[in-house]
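Data block below; observations after.
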Amino acid sequence: MERPTSSSSSDDDDDRQNLIEQNDRKLPTPRSTTTAFHIADDDIDDRNHRHHQQLRRRFTSLKLNELFNKRSFVLFAIFVPLFVLILFFTTDIKALLFSTSVSASPFGSVSDKLRESELRALYLLKQQQLGLFNLWNQTLPNPNSTSNQSNSPQIPLLEDFKSAVLRQISINKDIQQVLLSPHRSGNYTELDFRDFGDFENPSLGYRCGILDQKFSQRRTIEWKPNASKYLFAICVSGQMSNHLICLEKHMFFAALLNRVLVIPSAKVDYSYSRVLDIEHINKCLGRKVVVTFEELAEAKKNHVHIDKFICYFSHPTPCYVDEEHLKKLKGSGVSLSKLEPAWVEDVKKPSKRTVQDIQSKFSTSDDVIAIGDVFFADLEQDWVMQPRGPLAHKCKTLIEPSRLIMLTAQRFIQTFLGKNFIALHFRRHGFLKFCNNKQQSCFYPIPQAADCITRVAERANTPVVYLSTDAAESETGLLQSLVVVNGKAVPLVKRPARNSAEKWDALLYRHGMEGDGQVEAMLDKTICAMSSVFIGASGSTFTEDILRLRKDWGSASLCDEYLCQGEDPNFVAENE
């Protein structure tokens with residue numbers, strides 16, 4: 001009987017496969033028996049040997065598998081805890097976990113905001129300290145002066161004191177707002193800020209309210225001229241703003257001497273009729289007090305002669321008139337008498353003069369007289385510089401822009417600015433050298449200027465700034481990028497170039513006044529004078545004429561100031 005071989009053959013195959021995988025070696029294939037029973041000892045021994053060999057292989061295979069499974073388990077049990085320990089000690093798990101949560105948190109920048117707010121608050125506190133020291137110094141008498149000395153300091157007026165105190169209250173409010181600003185983000189918006197103080201006290205009123213000019217307390221004189229006596233105005237120093245100041249002083253001289261004032265010809269001076277309403281002056285006085293050169297020439301049948309030239313200034317030149325201007329006068333048909341100084345007077349060191357001095361030195365029976373340029377004259381300054389001037393009249397101001405310019409300014413404001421806006425006169429051209437020659441420079445670096453403008457914008461709470469400037473685009477562009485209030489840029493608006501689609505300047509265009517430099521300068525002044533708050537350039541007569549208009553019109557604000565008033569530039573270049 002044949003022995004079945006399928007089972008043993010399958011076992012051999014399995015054993016062989018196991019050994020190859022485990023020991024990487026190949027065992028011989030057992031012989032197959034095709035004969036019937038062989039009872040020979042050799043056959044029996046051979047079968048027994050093969051049987052033992054198969055058992056040994058199975059035992060060995062079973063032992064290796066079990067041993068392998070146990071070893072893997074032991075290694076896994078040892079290395080996994082070891083790996084966890086190594087990972088724990090070599091990695092900052094806490095920082096990893098918390099960094100993720102913090103970065104996702106809306107309060108990630110609170111510390112930075114707090115630091116920034118603290119630095120800003122410290123700066124404002126420094127400004128408040130300087131302002132309080134200045135106020136204190138103004139109210140204290142000089143210990144080295146006596147009561148009868150003329151140069152002893154004067155106690156500030158009550159209105160000035162109130163204005164200064166209100167500025168400090170405003171700065172204090174700004175400091176509080178700056179310190180609280182970081183807490184207005186995230187969940188902190190639910191805080192009740194009234195617990196920190198009353199920020200909007202109604203008793204304080206509008207922080208940039210109108211300044212009371214006390215017009216009822218003006219000191220004035222009547223201007224009642226002799227219709228046949230004339231004072232020929234001569235103004236040569238500086239630009240148009242200087243000439244307007246000179247013209248205003250001439251009006252005071254004419255009133256003191258009872259004379260009609262003659263406005264200069266456009267052949268020798270600016271064309272005043274294009275920027276001023278000459279007839280407005282006569283209407284305000286209720287009589288003929290001002291005439292044009294053409295009117296005088298007509299009255300004199302084109303034989304205009306200055307009968308007497310009494311010079312207010314003697315140095316550096318008589319009447320402070322150069323040869324070129326004298327030639328222009330003669331070329332316009334004016335004949336001149338000899339220039340005679342009334343006294344020794346230098347434009348660089350003018351003496352204080354009184355009404356009596358003028359009347360005693362310049363009174364004469366001659367029909368037409370001239371006194372030369374009086375821009376630098378120091379005559380009754382408190383009287384001359386008071387709001388609405390020293391002359392009695394029924395208008396807000398005597399020297400004001402023409403009707404066309406006034407209407408154009410109003411149309412521009414309605415188009416671009418609205419009622420509530422700041423006006424900034426930002427003079428730069430030629431101002432660097434001029435300011436640096438002064439004891440305290442008035443030329444500020446752009447970032448410092450921007451900071452000063454921002455503080456005024458915050459205090460005035462205005463959405464826009466009108467920019468009157470001669471600065472280059474490189475400067476105004478940088479300035480615009482730095483004027484930011486509550487994270488929002490405050491637009492700096494300049495008058496745009498002529499555009500037929502815009503109608504705000506149509507009046508000037510129709511009357512042939514477009515492109516006239518003096519008309520545009522007066523338009524700028526008028527817009528600035530109509531602003532809610534004005535920031536001027538210290539040392540500029542352009543600014544001073546705007547301030548004059550604002551005082552006369554009653555539009556001057558408690559927040560009006562010179563740019564960076566009370567501050568020195570944080571950097572000043574050396575002189576040549």
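These numbers come from a predicted model, not from an experiment.
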Test item: [X] and [Y] side chains (from C-beta on) under 4.5 Å apart, heavy atoms:
X: Tyr444; Y: Ser538; result: no
X: Val493; Y: Val465; result: no
X: Val334; Y: Val268; result: no
X: Gln518; Y: Arg274; result: no
X: Phe534; Y: Ile546; result: yes
X: Tyr562; Y: Ile535; result: no
X: Leu508; Y: Leu523; result: yes
X: Ser241; Y: Glu544; result: no

Lys/Arg N to Asp/Glu carboxylate O, [X] vs [Y], below 4.0 Å:
X: Arg455; Y: Glu567; result: yes
X: Glu561; Y: Arg459; result: yes
X: Glu323; Y: Lys328; result: no
X: Asp470; Y: Arg428; result: no
X: Asp378; Y: Arg353; result: no
X: Arg403; Y: Asp277; result: no
X: Asp346; Y: Lys348; result: no

Quiz prompt | side-chain contact (heavy atoms from CB on, under 4.5 Å) assessment of Cys528 paired with Lys525 | solution = CA-CA 5 Å; Cys528 290; Lys525 282 184 183 179; 5.8 Å; no
Quiz item: Which value, rounded to the nearest 0.5 Å, describes the distance between Cys319 atom SG and Glu345 atom CD?
Solution: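 Reported to 0.5 Å precision, the distance equals 12.5 Å.
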Quiz item: Is the Phe215-Trp553 ring centre distance short of 6.0 angstrom?
Solution: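 Distance test on ring centres: not under 6.0 Å, no.
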Considering all heavy atoms, the nearest [X]-[Y] contact:
X: Pro318; Y: Cys311; answer: C-SG, 3.7 Å
X: Leu549; Y: Ala529; answer: CB-CB, 3.9 Å
X: Glu502; Y: Asp505; answer: O-OD1, 3.6 Å
X: Ala573; Y: Asn436; answer: O-ND2, 3.8 Å
X: His243; Y: Val236; answer: NE2-C, 3.6 Å

Taking distance alone, no hydrogens or angles, what donor-acceptor pairs closer than 3.5 Å link side-chain atoms of residues 244-255 to residues at least two apart or in another chain?
residue : atom : partner : partner atom : Å
Lys249  : NZ   : Phe375  : O            : 2.8
Lys249  : NZ   : Ala377  : O            : 2.8
His250  : ND1  : Cys246  : O            : 3.2
His250  : NE2  : Gly372  : O            : 3.4

Quiz item: Run the side-chain contact (heavy atoms from CB on, under 4.5 Å) check on Val483 and Asp451 step by step: do they pass?
Solution: CA-CA 7 Å; Val483 180; Asp451 191 52; over 6 Å; no
Taking atom [atom1] of [X] as the centre, does the number of heavy atoms from other residues, nucleotides or ligands within less than 6.0 Å exceed 12?
X: Lys438; atom1: NZ; value: yes
X: Asn437; atom1: CG; value: yes
X: Gln239; atom1: CD; value: no
X: Gln440; atom1: CD; value: yes

Exercise. Going by the ring pair (Phe, Tyr, Trp, His ring centres under 6.0 Å) test, name the single residue among Phe376, Tyr320, Trp343 that passes it with Tyr312.
Key: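 In the set Phe376, Tyr320, Trp343, the residue that makes a ring pair (Phe, Tyr, Trp, His ring centres under 6.0 Å) with Tyr312 is Trp343.
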Exercise. Evaluate the side-chain hydrogen bond (donor to acceptor under 3.5 Å, both in side chains) criterion for residues Ser468 and Arg427: first the C-alpha distance (whole Å), next the side-chain angles of each, then the deciding distance (0.1 Å), finally the verdict.
Key: CA-CA 8 Å; Ser468 172; Arg427 181 176 174 183; over 6 Å; no
Self-check item: Which residues share a side chain to side chain contact (heavy atoms under 4.5 Å, CB included) with Thr354, sequence neighbours left out
Solution: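 Counting only residues at least two positions away or on another chain, Thr354 forms a side chain to side chain contact (heavy atoms under 4.5 Å, CB included) with Gln356, Asp357, Glu380.
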Exercise. Taking side chain to side chain contact (heavy atoms under 4.5 Å, CB included) as the test, write out the residues that go with Glu520, two or more places apart.
Key: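 Applying side chain to side chain contact (heavy atoms under 4.5 Å, CB included) to Glu520 gives Arg495.
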Quiz item: Is Arg218 reaching over with its side chain to a backbone N or O of Pro387, donor-acceptor style, under 3.5 angstrom?
Solution: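 Judged by distance alone, yes, a pair lies under 3.5 Å.
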Quiz item: Can you check whether Lys419's main-chain N or O pairs, donor with acceptor, with Gln414's side chain at less than 3.5 Å?
Solution: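 Flag not set: sc Gln414 to bb Lys419 has no pair under 3.5 Å.
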Practice problem: Look at the aromatic rings of Phe542 and His425 and report parallel, tilted or perpendicular, splitting at 30° and 60°. | Solution: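 Tilted: the ring planes of Phe542 and His425 meet at 30° to 60°.
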Quiz item: Does a donor on one side chain and an acceptor on the other come within less than 3.5 Å for Thr462 and Asn420?
Solution: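 On atom types as modelled, these side chains do not qualify, holding no pair under 3.5 Å.
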Practice problem: Any chance you could lay out the side-chain hydrogen bond (donor to acceptor under 3.5 Å, both in side chains) test for Ser237 and Asn242, step after step, and finish with the verdict? | Solution: CA-CA 7 Å; Ser237 58; Asn242 297 50; 4.7 Å; no
Exercise. Sort out for me which residue in Arg548, Arg388, Lys551, Arg550 forms a side chain to side chain donor-acceptor pair (under 3.5 Å) with Thr397.
Key: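 With Thr397 as partner, Arg548, Arg388, Lys551, Arg550 yield a single side chain to side chain donor-acceptor pair (under 3.5 Å), made by Arg548.
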Practice problem: Assess Lys494 against Tyr466: is NZ or CZ under 6.0 Å from the centre of the six-membered ring, and within 45 degrees of the ring's axis? | Solution: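 Geometry flag: not set, cation outside 6.0 Å or 45°.
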